[in-house]
Amino acid sequence: MFNTKAAIPIFLILALVFIGFGDQFLPQPLRSASFKTRVALNSLMTGSFKLWQPKADPNARTERAIEQQESGKSP
């Protein structure tokens, strides 16, 4: 009777609609839950990318070239 293969995509679509658009058309208790869920997921995703730090300063070479140009030295 209950088809799990059909239920999984329906559940995912409902979850995406709840997270993405729930604070626009749902009643108040669900509206705030949708907003808080989206904010939590956004902070989780953005926080996971802050772990990577470049080993070198990507602008260092350009800054040195500008300083040499301003001081009148040739490279």
Side-chain angles (χ1 to χ4, degrees):
M1 276 227 230
F2 186 72
N3 189 358
T4 57
K5 288 183 181 180
I8 292 174
I10 291 171
F11 176 74
L12 289 176
I13 290 170
L14 288 175
L16 288 174
V17 168
F18 175 75
I19 293 168
F21 305 106
D23 61 334
Q24 297 176 4
F25 63 86
L26 290 175
Q28 183 50 41
L30 294 175
R31 181 178 297 176
S32 62
S34 172
F35 180 74
K36 289 178 183 178
T37 304
R38 187 173 62 245
V39 168
L41 286 174
N42 283 343
S43 66
L44 176 74
M45 295 302 287
T46 56
S48 65
F49 290 109
K50 291 183 181 179
L51 297 176
W52 178 76
Q53 295 291 328
K55 293 180 182 177
D57 184 13
N59 299 323
R61 195 175 99 196
T62 304
E63 290 172 357
R64 282 194 310 269
I66 291 172
E67 289 173 2
Q68 287 178 353
Q69 183 71 24
E70 289 175 348
S71 66
K73 296 178 184 176
S74 62

Asks: To the nearest 0.5 Å, tell me how far Glu67 CD sits from Thr62 OG1.
Replies: 11.0 Å
Asks: Look only at the side chain of Ser32 and the backbone of Pro29, and say whether a donor-acceptor pair between them is shorter than 3.5 Å.
Replies: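 It does hold such a pair.
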Asks: What heavy-atom pair brings Ser34 and Gly22 nearest, and what distance separates the two atoms?
Replies: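 Answer, listing the atom of Ser34 first, then Gly22: OG-CA, 3.5 Å.
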Asks: When you look at CZ of Phe35, are more than 12 heavy atoms from neighbouring residues, nucleotides or ligands closer to it than 6.0 Å?
Replies: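 Result for CZ/Phe35: open.
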Asks: Give the minimum heavy-atom separation between Arg31 and Leu26, together with the two atoms involved.
Replies: NH2-O, 2.9 Å
Asks: Got a second to check how far Ile19's CD1 is from Asn42's CG, nearest 0.5 Å?
Replies: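 With rounding to 0.5 Å, CD1 (Ile19) is 10.0 Å from CG (Asn42).
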Asks: Taking C-beta and beyond as the side chain, do Leu16 and Phe21 meet within less than 4.5 Å on heavy atoms?
Replies: no
Asks: Any side-chain heavy atom of Phe25 sitting closer than 4.5 Å to one from Leu30?
Replies: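 No, every pair of side-chain atoms sits at 4.5 Å or beyond.
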